[in-house]
Engineer: 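Dropping a structure here in structure tokens format, bear with me for questions.
Order of the sequence lines sets the chain letters (A, B, ...), proteins ahead of strands, with each chain counted from 1.
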Amino acid sequence: MGTLLEVEDLTVWLATRNGPRKAVDGLTFRVDSGEVFGIAGESGSGKTMTAMALLGLLPHAARTSGRAVFEGRDLLAMKPRELRDVRGRSIAMVSQDPSTSLHPMLSIETQVTEHMRHHLGVGKSEARGRAVELLSTVRIPDPERALRAHPAQFSGGMRQRIAIAVALACEPRLLLADEPTTALDVTVQAGILRLLNRLRQERDLAVVVITHDLGVMSAVADRICVMYGGRTAEIGPRETVLTHPRHPYTRGLLDALPHPEGGAATLRPIPGSPPSLGAVPEGCPFHPRCAFAVASCREERPEPVPVGSDHRVACPPDPLGGEA
Amino acid sequence: MSSAKPKSGAPGTGRRAARPGGVLLRFLARRLAAALLLCVGITLVAFTLTQLVPGDPAAANLGQQAIGDPAAVAAFRAKYGLDQPLPVQYLTYIGNVFQGNLGMSQQSHRPVAEDLAEFVPATIELALFAIVVSLLVGVALGVVAAVNRDRWPDQVLRVVSLGGVSMPTFWVALVAFYLLSFKFDLLPGTGRLDPVLSPPPYTTGFYSVDAALAGQWDVMWSALGHLVLPSLVLAVYTVGMLMRFSRASVLEILGNDYVRAARAKGLPERVVIVRHVLRPAMVAIITVAGVAFGSLLSGAVLVEKIFSWPGVGQYAYRSAVNLDLPGIMGVSIVVAAVYILINLLVDLLYGVIDPRIRLT
């Protein structure tokens, strides 16, 4: 499998009242074609801004640096017009809440076909035929009729399936799924995750799943990047990161997950709360909440360093190293 | 309509398709019945108010000599039914209205219905022209301002719209008339037609439409030309107002997830704005436009006066100063009916814009 997207030292500054602040700070990762890459972190950790930066949809007055090479071209250096031709066509997005991301007043047909017709130049009837196929691919019953309907006439899970069909319309190579299951019922979540998994196998589609939910990660991701305060804490294959975490933050996230056999007593929350934009502490951003913090953590910014095959951790004291 | 599967039904998706036509007809019937009751209520209010105003129609309409003659006053009162008790006067009036008889104007000595058929279309023609121009210009500029929020086009347009809503319309009318018509003679100033032309045969009462229907092109051009100045003057205020509302409405919509989703699809910005942003923004805009149109109808008195436009504003004014009760009542009913129709139209447009309203 070749590398589809290579992000190097991505930094995003957002304009705030107190001047520009780093929302994403020196992020480096790659996504191979056909894989599911997970970006995990609490809200405010810079996950969504990473996706927006790749699509060129950052808020006004935001700035980026670094490189994001997709199919040989740097997305961050593209002109708006070039980027628009990539968006929706080669890189598509599925966002968190389908009840707000689908247009409430446009028919499903318009929403599934409009960018198909724009990017691929197909006619109305051909686009319609493709839309019917897409809707049956994502398991919408009676697709012909669904095309004439509007989002309000579907349940949340069905809407997310439609949103996925919209994203797939131009047969993209990369799908950015930002919290694709967060707004859905737990029972519906599993169905959406199975759908994403099936699609990437059938279509050789790479998926970047952005979520705060490590349960979702363990269900779909091949490799995981754990973000904290806009920086990479730990990045590596799913098995390694979830079973032998080397960063105290990853460990904290896992300890905060409920276990099927354990009671409430086994839940160990991470003390404190994640830093807000512009208030990221000096040194390691996690040190105020870290049980293992030593003096150097307060001063030096840790860079992710390799600790195993394809596994990088930004924690020089490496207190969990012995356990692995 | 393509598939004819009478009993298959699609489970799980919870569609309530029904027959949109049926829903619409029931909605219309309900609204029209309510509108009728509302109109009757308005006549009652108008009637009561005219009775509360101090003044005697006989004194207002008869000459100095005749007022001194009790027989003449009595004859006047008997002729117009003013000698009857008030409830009887009102019921008689309502009964006549339902037969299409709005009474005789004490001032023009013609049936009020005939007067209105002449004056009301003149005003509606003017107001329609003004509101169409206002919508086109106001919404377009509002969108430009919203898209360029806090940059120079927005700042410039903020001043423009503030100017539009702040300048008194009568002053704009006088200045525009003086400059464009009198001084530089760019546009015809007063009346509905050039004095040498005679009005087209009556069909709708809109000179421009009637002339076109009759194939009198010179009359049509003259009618359109006479519309330009007064309707632009009226539009100054509504453009300013619609611009502000459009800007606010578009800005609100721009923050929605579905706009980001539309951009993520790689659609050209023009398509994003027109299809994904303007459509939902129109819901708020047409609400304001409806109200603005209503105020154009009843608030054009000064502009009609300055441009000698024989509209319902002038007619209402003349009826009021002469205490011409049938005239006042007739104007009230017609203006109320037009207001109600506009509201109905706006409600129907909501359904056209937003399918969720159609479906529930």
Engineer: Using 30° and 60° as the class boundaries, would you call the ring planes of His103(A) and Tyr258(B) parallel, tilted or perpendicular?
Structural biologist: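 It falls in the tilted class, 30° to 60°.
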
Engineer: Checking heavy atoms, do the side chain of Met116(A), its backbone, both or neither come under 4.5 Å from chain B?
Structural biologist: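 No part of it gets close to chain B.
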
Engineer: Using every non-hydrogen atom in the two residues, find where Leu267(B) and His115(A) come nearest and quote the distance to one decimal.
Structural biologist: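 Reported closest heavy-atom pair: CD2-CA, 3.9 Å.
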
Engineer: Using non-hydrogen atoms only, which part of Glu114(A) is less than 4.5 Å away from chain B: side chain, backbone, both, or neither?
Structural biologist: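 Contact with chain B is through both the backbone and side chain of Glu114(A).
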
Engineer: For residues Ala264(B) and Met93(A), report the shortest heavy-atom separation together with the two atoms involved.
Structural biologist: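 Closest approach of Ala264(B) to Met93(A), heavy atoms only: CB-CE, 3.9 Å.
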
Engineer: Measure the CE-CG distance between Met105(A) and Asp354(B) for me, rounded to the nearest 0.5 Å.
Structural biologist: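 Reported value, rounded in 0.5 Å steps: 4.0 Å.
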
Engineer: Within the 4.5 Å heavy-atom criterion, are Lys265(B) and Gln111(A) side-chain neighbours or not?
Structural biologist: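 When only atoms from C-beta onward are counted, Gln111(A) and Lys265(B) do touch, with a gap below 4.5 Å.
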
Engineer: To the nearest 0.5 Å, how far apart are CZ in Arg275(B) and OG1 in Thr110(A)?
Structural biologist: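 It comes to 6.5 Å.
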
Engineer: Using a cut-off of 6.0 Å, state whether more than 12 heavy atoms not belonging to Glu252(B) lie near its atom CD.
Structural biologist: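 Open.
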
Engineer: Which heavy-atom pair separates Pro355(B) from Pro104(A) by the least distance, and what is that distance?
Structural biologist: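 Shortest heavy-atom contact: CG-O, 3.9 Å.
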
Engineer: Is the shortest side-chain heavy-atom distance between Met52(A) and Arg260(B) below 4.5 Å?
Structural biologist: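 Answer yes - side chains close enough.
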
Engineer: Where on Leu102(A) is there a heavy atom nearer than 4.5 Å to chain B: the side chain, the backbone, both, or neither?
Structural biologist: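 Interface part for Leu102(A): backbone (N, CA, C, O).
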
Engineer: Please determine whether the number of non-hydrogen atoms from other residues, nucleotides or ligands lying under 6.0 Å from atom CD of Glu171(A) exceeds 12.
Structural biologist: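 It does not: Glu171(A) CD has 12 such atoms or fewer within range.
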
Engineer: Return yes when atom CZ of Arg67(A) has more than 12 non-hydrogen atoms of other residues, nucleotides or ligands closer than 6.0 Å, and no otherwise.
Structural biologist: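 No, not enclosed.
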
Engineer: Measure Arg149(B) against the heavy atoms of chain A and call it side chain, backbone, both or neither at under 4.5 Å.
Structural biologist: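 The answer is neither part of Arg149(B).
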
Engineer: Taking side chain as everything from C-beta outward and backbone as N, CA, C, O, which of these in Val166(A) sits under 4.5 Å from a heavy atom of chain B? Side chain, backbone, both or neither.
Structural biologist: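 It is the side chain, since no backbone atom gets that close.
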
Engineer: Any idea which heavy atoms bring Ala261(B) and Ser101(A) closest together, and the distance?
Structural biologist: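 Taking Ala261(B) first and Ser101(A) second, the nearest heavy atoms are CB-O, 3.4 Å.
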
Engineer: Are the side chain of Arg89(A) and the backbone of Gly266(B) linked by a donor-acceptor contact shorter than 3.5 Å?
Structural biologist: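 Absent.
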
Engineer: Does the pair Leu106(A) and Arg279(B) meet the rule for a side chain to side chain contact (heavy atoms under 4.5 Å, CB included), with working shown?
Structural biologist: CA-CA 9 Å; Leu106(A) 297 176; Arg279(B) 182 167 174 166; 3.6 Å; yes

Engineer: Does atom CZ (Phe29(A)) have a neighbourhood of more than 12 heavy atoms from anything else shown, all under 6.0 Å?
Structural biologist: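 Atom CZ in Phe29(A) is packed in, count exceeds 12.
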
Engineer: Around atom CZ of Phe245(B), are there more than 12 heavy atoms of other residues, nucleotides or ligands at under 6.0 Å?
Structural biologist: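 Atom CZ in Phe245(B) is not crowded, with 12 or fewer foreign heavy atoms closer than 6.0 Å.
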
